[in-house]
Amino acid sequence: YRIAHFACNAAMRSADGRDDPTILTRLIPEALGVKQPEAIINLPLNAATVKTVIQTFFKAAEMGDGKALEITWKLTREVLAIVREFSTALFAPDEHFTLVLDGSVFRAQYQPLMRMIELALRQRYHVNIIIPQWGPVVGALFYALENGGIQMTDEISQRIIQTYRHCLHT
C-alpha cells in the first residue's frame, strides 16, 4: 500500500503543479480507468487497485521516469537501513551472509528496484540475495515436518507446493 500511496501522491502533486513532472500523472489514471489524477482519490482502496498502481509505477520507473526512480531509490534506502541494522547486530563487517527478500513486490522482481537493491547492497556487504518462490508458510511447513522427523523427499515437497498453489487459486 505504501508504494501505491507514494505513486498516487506523486501523480497528484505533479498534476496540480506542487511537484516535478512525472509520467505517473498520465499512466496511473489510464491504468485505473479515470480521466484525471484527482479522480484517484474517489477510487476504492482494494488489493486490485493497489496492484494496478504498483505495476504502473514500476512501468514508469522502467521507462526512466525521474519521480518513479526517485521513489524507487527511497524504497531501496529503506531496505538498506533494515539490512544495516540487522547485519551489524548479527555479522562481522566482512562476513558473508544470505538475505531473503520476501513479499509480493520482491517476488514480482520489479526492475529497476531489484537492480538498485542488489547494486547498493553489494557495494557494502558480502551478500547472497534470495527471493523465495513461495510464501513463508511453505518453508515453515518444511521446517516443521523435518523437525517432526519426516524426511523431505522431492515427492513430498512437490505435493506440498501443488497443494499450496491450489489453495492460492481457490
Side-chain angles (χ1 to χ4, degrees), residues 1-8 24 27-28 31-33 43-65 68-170:
Y1 285 86
R2 189 166 185 197
I3 296 170
H5 167 76
F6 287 150
C8 289
L24 294 168
L27 293 181
I28 291 176
L32 296 174
L43 294 174
L45 183 62
N46 58 38
T49 302
V50 170
K51 183 177 181 179
T52 299
V53 170
I54 290 172
Q55 289 171 336
T56 304
F57 165 76
F58 283 114
K59 177 181 173 185
E62 287 174 12
M63 293 169 70
D65 180 72
L69 289 170
E70 180 183 314
I71 294 167
T72 301
W73 180 240
K74 181 178 187 173
L75 299 170
T76 299
R77 286 192 334 255
E78 287 187 30
V79 171
L80 291 172
I82 293 166
V83 171
R84 182 180 55 248
E85 290 302 314
F86 280 99
S87 68
T88 55
L90 299 172
F91 305 105
D94 288 332
E95 187 175 352
H96 184 90
F97 63 93
T98 298
L99 174 66
V100 178
L101 295 174
D102 192 25
S104 58
V105 170
F106 296 122
R107 275 191 236 122
Q109 298 203 22
Y110 291 113
Q111 302 298 326
L113 177 65
M114 299 311 297
R115 281 192 308 264
M116 282 187 184
I117 289 171
E118 184 176 348
L119 287 170
L121 285 171
R122 296 233 164 99
Q123 297 308 306
R124 183 164 290 161
Y125 305 102
H126 302 287
V127 62
N128 179 33
I129 301 168
I130 294 177
I131 299 158
Q133 197 173 8
W134 315 111
V137 68
V138 174
L141 182 57
F142 287 168
Y143 182 74
L145 291 171
E146 284 180 349
N147 280 335
I150 296 173
Q151 185 177 0
M152 295 299 297
T153 64
D154 284 343
E155 183 180 340
I156 292 172
S157 298
Q158 290 306 314
R159 179 68 179 208
I160 290 169
I161 290 169
Q162 286 173 348
T163 303
Y164 177 74
R165 282 183 181 161
H166 176 74
C167 290
L168 286 178
H169 300 292
T170 55

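The figures here come from the full heavy-atom set of this structure, side chains too, leaving out hydrogens, waters and symmetry mates.
- Going from atom CD1 of Ile117 over to atom CZ of Arg77 covers 12.5 Å, rounded to the nearest 0.5 Å.
- Side-chain atoms of Phe57 and Asp65, non-hydrogen and from C-beta on, never get closer than 4.5 Å to each other.
- Between Ala4 and Ile54, the shortest heavy-atom distance links the atoms N-CG1, 4.1 Å.
- Judged as a salt bridge (charged side-chain N to carboxylate O under 4.0 Å, His left out), the pairs with a partner in residues 92-111 (not counting sequence neighbours) are, in order, Asp102-Arg107.
- Between atom CG of residue Leu141 and atom OG1 of residue Thr163 there is a gap of 9.5 Å, rounded to the nearest 0.5 Å.
- Other residues, nucleotides and ligands place more than 12 heavy atoms under 6.0 Å from the NE2 atom of His96.
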Result block: side-chain N/O donor-acceptor pairs under 3.5 angstrom for residues 84-91, not counting sequence neighbours:
{"from": "Ser87", "atom 1": "OG", "to": "Val83", "atom 2": "O", "distance (Å)": "2.9"}
{"from": "Ser87", "atom 1": "OG", "to": "Arg84", "atom 2": "O", "distance (Å)": "3.3"}
{"from": "Thr88", "atom 1": "OG1", "to": "Arg84", "atom 2": "O", "distance (Å)": "2.9"}
{"from": "Thr88", "atom 1": "OG1", "to": "Glu85", "atom 2": "O", "distance (Å)": "3.2"}

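- Counting all heavy atoms, side chain and backbone alike, Asn46 lies closest to Tyr1 at C-OH, 4.2 Å.
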Donor-acceptor pairs are to be reported for all side-chain atoms of residues 108-116 against protein atoms at under 3.5 Å, with residues two or more places apart or in another chain.
{"from": "Gln111", "atom 1": "OE1", "to": "Arg115", "atom 2": "NH1", "distance (Å)": "3.3"}
{"from": "Gln111", "atom 1": "NE2", "to": "Gln109", "atom 2": "O", "distance (Å)": "3.4"}

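- Across all non-hydrogen atoms, the minimal contact from Ala120 to Thr76 is CB-CG2, 4.2 Å.
- Closest non-hydrogen pair, Val100 versus Pro132, comes out as CG1-CG, 3.6 Å.
- Not a single donor-acceptor pair under 3.5 Å links the side chain of Thr52 to the backbone N or O of Ala31.
- Listed here is the closest heavy atom pair of Ile28 and Cys8: CD1-N, 4.1 Å.
- Separation of atoms CG (Leu75) and CD1 (Ile3) is listed at 5.0 Å; rounding is to 0.5 Å.
- Residues in residues 144-154 take part in no salt bridge (charged side-chain N to carboxylate O under 4.0 Å, His left out) pair, two or more places apart or across chains.
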Quiz prompt | From CA spacing to verdict: side chain to side chain contact (heavy atoms under 4.5 Å, CB included), Ile160, Met152 | solution = CA-CA 10 Å; Ile160 290 169; Met152 295 299 297; 3.8 Å; yes

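- Taking all atoms of both residues into account, the shortest heavy-atom contact from Ala7 to Leu24 is O-CD1, 4.0 Å.
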Quiz prompt | Pair Arg124-Leu80, side chain to side chain contact (heavy atoms under 4.5 Å, CB included): steps then yes or no | solution = CA-CA 10 Å; Arg124 183 164 290 161; Leu80 291 172; over 6 Å; no

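- The side-chain hydrogen bond (donor to acceptor under 3.5 Å, both in side chains) contacts involving residues 53-64 comprise nothing, where partners must be two or more places apart or lie in separate chains.
- Partners of Tyr125 according to the ring-ring contact (aromatic ring centres under 6.0 Å, His included) rule, which considers only residues two or more places apart in sequence or in another chain, are Phe97.
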